[in-house]
There are 2 protein chains.
Amino acid sequence: MSANSRLTVAAHALTWIGLYQRRGHEVATSEQIATSVNTNPVVIRRLLAELRKAGLVESQRGAGAGWRLTRDLASLTLLDVYRAIEPGPVFALHRAVPDPECVVGQGIGPALSAVYDGVEAALRRELAGTTLEDVLRDVLKAA
Amino acid sequence: MSANSRLTVAAHALTWIGLYQRRGHEVATSEQIATSVNTNPVVIRRLLAELRKAGLVESQRGAGAGWRLTRDLASLTLLDVYRAIEPGPVFALHRAVPDPECVVGQGIGPALSAVYDGVEAALRRELAGTTLEDVLRDVLKAA
DNA sequence: CTTTGACGTAACCATTTTTGTTACATTTGA
DNA sequence: TCAAATGTAACAAAAATGGTTACGTCAAAG
C-alpha cells in the first residue's frame with residue numbers, strides 16, 4: 001500500500017487553520033501552516049487547492065491574504081477531507097484484463113469488486129465518525 | 001492512494017489453484033496461473049513466495065512441480081491474504097516530524113493514529129468476512 | 001545420469017505516485 | 001509603487017508496483 005500522508009497533512013492544515021481562527025485571526029498563510037507541518041509551503045498550497053475545489057476552504061490573494069475555513073471544524077469530518085483528496089479506491093482490480101477463456105479469470109473481477117465496495121464503505125464509515133473538532137479536542141487535551 | 005492490485009492477483013491465484021485442485025490436479029504451475037491472470041509467471045512466483053512465507057501455500061521444485069494450497073479455500077479469508085502481502089498501514093503519519101513547538105504539530109500524530117487504528121480494524125473486519133470459498137462460489141455462479 | 005520442466009531469485013527497466021524545491025507570474029492591500 | 005501572498009509550472013528525488021530477461025537450482029522421468 002502506498003501509505004501516503006496526504007490525509008494526515010490535510011487534516012493537520014485544517015485543524016491548524018481552525019485553531020488559528022478561533023484565536024481571533026482572519027486568515028492563515030501557507031507559510032505558517034508549512035512551519036507547523038514541517039514541509040514546504042507549496043506542498044500546503046497544492047493540498048489546500050484540492051480542499052478548496054471541494055469547498056472546504058477559501059483563499060485570498062495579495063498582501064495579508066491567506067486561507068480560511070468555510071465551515072466550522074465540528075461540521076468537517078475526516079471523510080470530507082478524504083473525499084476531497086483521494087480519487088481512487090484502496091484496492092484495484094487487475095492491471096491487465098484477465099483471461100476471459102478462464103472461469104476464474106472471467107468471474108473474479110465482479111466477485112472481488114463486491115468485497116472491495118464493502119471495504120471502501122467501512123473505511124468511509126470510520127472516517128465519517130470523526131470530526132476535525134474531535135481531532136482538535138484530542139490535540140488540546142494531550143497538551 | 002496506490003490502488004495496487006496485489007490483493008486481487010493473490011486472491012485470483014489462490015482461487016485458481018483451489019479450483020484446479022478440486023478438479024483432481026495435484027499442483028498448479030506459475031505459468032498456468034499467469035495465463036489466467038494475464039501477467040508474467042515471475043510476478044506470480046514472487047507473490048506466491050510471500051504467501052508461502054505466511055503458510056498459505058507450499059511449492060515443489062523440479063519437473064512436474066508447482067504450487068499447492070496448504071488449507072481449504074473455506075478456511076482462507078481475504079484477511080489472511082492481505083496480511084501475507086500488505087506490510088504497511090493504509091494511512092501514514094507525517095513523513096517529517098511536525099513542529100514540536102506547535103500544539104497542533106505536537107498532538108496531531110497521536111490523535112490521528114487513534115482514528116487510523118480504527119479504520120485499519122474496520123478494513124480487516126471486512127476482509128475477514130469473505131473466504132476464498134465465497135469468492136469461488138461467486139465466480140462459478142456468474143459463469 | 002542425463003534431460004527436462006519448474007521454481008528461486010537477482011537484475012533491470014518503465015510507470016506511477018508522492019513529496020520537495022525553485023522560480024516566476026499574479027493579485028491585492030497599504 | 002512596493003511588499004506579501006497565492007497560483008502554478010517545472011523539475012528532481014524517492015518509493016512502490018509491475019513486467020521482463022536471465023540463470024541457478026532442484027527433482028522427476030527416462
Discussion item. Distance check needed: D:dT17 C1' versus A:Leu93 CG, whole Å only.
Written reply: 16 Å

Worksheet item: Are B:Thr77 and B:Tyr82 close enough that a side-chain donor and a side-chain acceptor fall under 3.5 Å?
Response: no

Practice prompt. Using a strict 4.0 Å threshold on nitrogen-to-oxygen distance, state whether A:Glu58 and A:Arg52 make a salt bridge.
Written response: no

Discussion item. Please tell me if A:Ser5 has a side-chain N or O lying less than 4.0 Å from either OP1 or OP2 of C:dT19.
Written reply: yes

Fill in: Shortest non-hydrogen contact between A:Val139 and B:Val103, atoms and distance
CG1-O, 3.4 Å

Worksheet item: Salt-bridged, B:Glu133 to B:Arg22, with N to O below 4.0 Å?
Response: yes

Discussion item. Using heavy-atom distances to pick each residue's nearest nucleotide on DNA chain D, tell me which of A:Ala96 and A:Glu31 is more 5'.
Written reply: A:Glu31

Worksheet, complete the sentence: For B:Leu69 and B:Gln21, the nearest pair of non-hydrogen atoms, with its separation, is N-NE2, 3.5 Å

Worksheet item: If you check the A:Ser59 side chain, which of C:dT19, D:dT6, C:dT22 turns out closest?
Response: D:dT6

Worksheet item: Rounded to whole angstrom units, what separation is found between the CZ atom of B:Phe91 and the P atom of C:dT18?
Response: 12 Å

Worksheet item: Shortest non-hydrogen contact from B:Asp80 to B:Leu56?
Response: O-CD2, 4.0 Å

Item to complete: Respond yes when some side-chain nitrogen or oxygen of A:Ser30 is under 4.0 Å from OP1 or OP2 of D:dT6, and no when none is.
Response: yes

Worksheet item: Can you find a side-chain donor-acceptor pair between A:Arg95 and B:Ser5 that sits under 3.5 Å?
Response: no

Discussion item. Can you list, in residue-number order, the parts of residues 60-73 of chain B that come under 4.0 Å of DNA chain C, counting heavy atoms only?
Written reply: B:Gln60, B:Arg61, B:Gly62, B:Ala63, B:Ala65, B:Gly66, B:Trp67

Worksheet item: Going through the distances and angles, do A:Thr35 and B:Asp99 end up as a side-chain contact (heavy atoms from CB on, under 4.5 Å)?
Response: CA-CA 7 Å; A:Thr35 297; B:Asp99 184 6; 4.1 Å; yes

Worksheet item: Counting just side-chain N and O atoms, does B:Thr39 come under 4.0 Å of either OP1 or OP2 of D:dG19?
Response: yes

Fill in: N/O (side chain, A:Arg95) to phosphate O (OP1/OP2, C:dT15) under 4.0 Å
no

Discussion item. Testing the 3.5 Å rule here: is there a donor-acceptor pair between the side chains of B:Asp72 and B:Ser75?
Written reply: no

Worksheet item: At their closest point, which heavy atom of B:Ala10 faces which heavy atom of B:Leu51, and how far apart are they?
Response: CB-CD1, 4.2 Å

Worksheet item: Among residues 112-122 of chain A, which residues get a heavy atom nearer than 4.0 Å to DNA chain C?
Response: none

Worksheet item: Can you name the closest pair of heavy atoms from B:Gly129 and B:Asp134 and give their distance?
Response: O-OD2, 4.0 Å

Response to the item:
Sorted by number, residues from residues 41-48 of chain B placing a heavy atom under 4.0 Å from DNA chain C are B:Val42, B:Arg45, B:Arg46

